[in-house]
Amino acid sequence: MSIVHRIHNFSAGPAVLPLAVLEEAREHLLALPGVGMSVLEISHRSKPFEEICFGAEESVRRLAGVPDGYQVLFLQGGATMQFSMVPMNLLPASGTADYIETGVWSEKAIAEAKKIGGVHVAASSKGTNHDRIPSAAEIRWSSAPAYAHMTSNNTIFGTQWHHLPMVPAGVPLVNDASSDIFCRPIDVAKHGLIYAGAQKNLAIAGLTLVIVREDLIGRAPSSTPIYLNYATHAKERSLYNTPPVFAIYILHLVLKRLLATGGLAAVEANNRRKAEKLYAAVDGSGGYYHGHAQVADRSWMNVTFKLPSGELEKRFVAESTRQGLDGLKGHRSVGGIRASIYNAFPEAGVDALVAFMAEFARTNG
Ligand SMILES: *Cc1c(COP(=O)(O)O)cnc(C)c1O
């Protein structure tokens with residue numbers, strides 16, 4: 001039983017964790033059961049830590065139904081490091097990689113890939129301030145891309161792919177899924193590589209999950225620094241060097257809980273219900289609230305909307321903060337409000353925001 005008062009945390013990342021996970025971590029922080037030492041103190045090569053690390057890997061495989069022929073890697077450097085590692089491993093200097101540009105994070109991924117090889121922007125939503133996902137008809141692949149890169153959820157703009165793009169046969173699809181990984185079932189087999197910084201939907205900062213098809217491992221030039229080569233980590237099962245042990249431990253707890261509560265189908269139903277409630281509050285406000293993303297491309301994870309004026313948005317943020325609804329200020333590139341409601345965000349928090357929105361519109365009309 002928690003006696004601590006927790007407010008509603010709408011942060012885009014690092015973000016809210018399941019209370020049960022925080023409680024278990026606290027309970028066992030000083031001594032892991034049967035070990036007598038903290039997870040913070042033991043060797044990453046000890047048996048207890050191997051159980052945590054390989055257990056987390058096994059949970060990723062079970063939860064996502066990872067097929068044979070894929071490696072699950074626990075790396076560091078965030079999704080940002082993957083912006084570099086993906087092209088360093090998969091893009092020959094003379095080759096071209098195709099990127100679908102749907103937000104700030106894809107723009108950053110593109111900038112890093114350009115340092116390694118050629119980049120073709122196959123489609124972009126920049127013209128409308130990334131309020132949508134490009135349609136299939138808009139996507140123009142290059143003739144033989146080394147891979148095709150997408151960003152499944154655009155954390156800042158609040159758009160999300162609700163289908164995977166049709167990629168030319170034989171071209172590996174690379175997905176930055178940092179802000180919506182495991183928000184619903186995922187068809188790993190349709191991907192060559194999936195990566196995600198852990199601090200939004202998985203665990204805490206410091207850990208990056210990479211799921212990569214084995215034939216894409218071992219393609220990096222020999223000049224590649226050892227840490228930045230996927231082959232290094234695949235060979236050593238993420239224990240080439242000291243991994244982010246506490247973040248892996250938290251991931252282990254989060255995934256164990258997800259598996260015990262119905263897996264990704266249950267998570268999907270939850271997320272769908274939470275997002276629908278919040279968008280209904282936006283759409284049902286008689287135009288007082290106005291969503292940024294086009295309806296079909298709305299994110300289940302980051303709900304972005306505007307008020308009639310910047311003045312009212314400021315007041316909305318200040319007043320909601322006073323009422324224990326934290327982190328609702330939108331990113332500067334969109335403005336307005338952003339409510340991040342990741343897997344671990346409780347439905348009661350959505351209900352509290354919906355009630356606040358109605359009251360705010362009534363008293364600030
Ligand atoms: C947060 C985020 C990133 C950056 O993640 P870091 O782990 O901080 O490097 C990249 N891509 C997406 C989609 C994100 O949401």
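All values reported here derive from a predicted model rather than from experimental measurement. Ligands are counted one by one from 1 in listed order, and the atoms in each one are counted from 1 as well.
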Compute the minimum heavy-atom distance from Ile156 to ligand 1 and say whether it is under 4.0 Å. no
Distance-only N or O hit between ligand 1 and Phe83, under 3.5 Å: no
Under 4.0 Å, counting heavy atoms only: does Gln82 come that close to any atom of ligand 1? no
Side-chain donor-acceptor pair present, Asn271, Tyr342, cut-off under 3.5 Å: no
Taking every non-hydrogen atom, the tightest pair across Lys329 and Val317: CA-CG2, 3.9 Å
Location of contacts on Lys108 toward ligand 1, heavy atoms closer than 4.0 Å: neither
Atom 8 (O) of ligand 1: the protein heavy-atom neighbour that sits closest, reported with distance to 0.1 Å: Gln199 NE2, 3.4 Å
Note, Thr232 side chain near Asn229 side chain (heavy atom, < 4.5 Å): yes
Would Lys200 count as being in polar contact with ligand 1, using the rule that some N or O on each side must be under 3.5 angstrom apart? yes
Closest to atom 15 (O) of ligand 1 (heavy atoms only, candidates Val104, Thr155, Thr102, Asn302) is Thr155
One thing to verify: whether Asp131 and Lys126 come together as a salt bridge, which I'm taking to mean a side-chain N less than 4.0 angstrom from a carboxylate O. no
How close does the nearest protein non-hydrogen atom get to atom 9 (O) of ligand 1, and which residue and atom is it? Thr80 OG1, 2.5 Å
How close does the nearest protein non-hydrogen atom get to atom 5 (O) of ligand 1, and which residue and atom is it? Ala79 CB, 3.5 Å
Check this for me, if you would: do Glu268 and Arg272 make a salt bridge, where the nitrogen-to-carboxylate-oxygen distance has to be below 4.0 angstrom? yes
Kindly confirm or rule out an N or O of Thr151 lying under 3.5 angstrom from an N or O of ligand 1. no
